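Notes follow once the structure below has been shown.
Small disclaimer: the values here were computed from a predicted structure and weren't measured.
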Amino acid sequence: APAQLLPVVLSVADQMEEAAAQVRAELERRGAAVALPGGLRGRLVPSSPRRFTEGGFAAQHYVAAEPNGHGLYLELLEGASGESIAYICFSLYSSGRVFPFTPPHRLLDAAQVDRLVVKRG
């Protein structure tokens, strides 16, 4: 039988912002440290759609346009220099299924990577 649709409490944009806020809070709580090759350390920090172009990532990606304004945006900073070396953008979508972890009254229950760029050099 098809999954029963539940009433939507938050708009799609509100659901995306709420999910992004939860991830940002979790990164803050955990410290967002990342182990990099060669024993280097990095740190994930919140970013924005604008940083995709302003940070030079668009020049290295086949889609040069900024991501939409309703996603989760992160950059990876190299530990010693603090240089931004990677950009990632996620968006949420509805899988059309109901999972045990799906929040009640939410349409969006899965994430996809919209942009992923690691700077050369």
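Taking both residues in full, the closest heavy atoms of Leu77 and Ser84 are given as CD2-CA, 3.6 Å, listed atom of the first, atom of the second, then distance. For Pro49 against Pro67, the heavy-atom pair with the smallest separation is CB-O, 3.5 Å. Across every non-hydrogen atom of Gly71 and Ala20, the tightest pair is O-CB, 3.8 Å. Of all non-hydrogen atoms in Ala64 and Ala58, the two that sit nearest each other are O-CB, 3.5 Å.
Taking Arg50 as the reference, Glu54 meet the salt bridge (Lys or Arg N to Asp or Glu O under 4.0 Å) condition, with sequence neighbours excluded. Partners of Glu83 under the salt bridge (Lys or Arg N to Asp or Glu O under 4.0 Å) rule, at least two apart in sequence or in another chain, do not exist in this structure.
Identified under the salt bridge (Lys or Arg N to Asp or Glu O under 4.0 Å) test for residues 84-96, with sequence neighbours left out: none. Residue pairs meeting the salt bridge (Lys or Arg N to Asp or Glu O under 4.0 Å) criterion with at least one partner in residues 65-75, sequence neighbours excluded, are Arg51-Glu75. Applying the ring-ring contact (aromatic ring centres under 6.0 Å, His included) test to residues at least two apart or on different chains, the pairs with a partner in residues 68-88 are Phe52-Tyr87, Phe57-Tyr87.
From Met16, atom CE reaches atom CG of Leu92 across 5.0 Å, with rounding to the nearest 0.5 Å. The distance from the CG atom of Leu44 to the CD atom of Glu28 is 12.0 Å, given to the nearest 0.5 Å. The line from NE2 of His61 to OG1 of Thr53 is 13.0 Å long, rounded to the nearest 0.5 Å. Going from atom CG of Asn68 over to atom CZ of Arg115 covers 8.0 Å, rounded to the nearest 0.5 Å.
Cluster membership for Val118 and Leu40, using ILVMFWY side-chain heavy atoms within less than 4.5 angstrom, is not shared. Under the 4.5 Å side-chain heavy-atom criterion for grouping Ile, Leu, Val, Met, Phe, Trp and Tyr, Val113 is not connected to Val45 through any hydrophobic cluster. Both Val34 and Val23 are assigned to one and the same hydrophobic cluster, defined by single-linkage of ILVMFWY side chains at heavy-atom distances under 4.5 Å. There is a path of hydrophobic side-chain contacts, each under 4.5 Å, that joins Leu72 to Leu116.
A donor-acceptor contact shorter than 3.5 Å is absent between the side chain of Lys119 and the backbone of Gly56. Looking at Glu78, its side chain does come within 3.5 Å of a backbone N or O of Ala80 through a donor-acceptor pair.
Val63 shares a hydrophobic cluster with Tyr62; the chain of contacts runs through ILVMFWY side chains whose heavy atoms sit under 4.5 Å apart.
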Between Leu74 and Ser47, is a side chain to side chain contact (heavy atoms under 4.5 Å, CB included) present by the stated rule, with each step listed?
CA-CA 5 Å; Leu74 301 170; Ser47 189; 5.5 Å; no
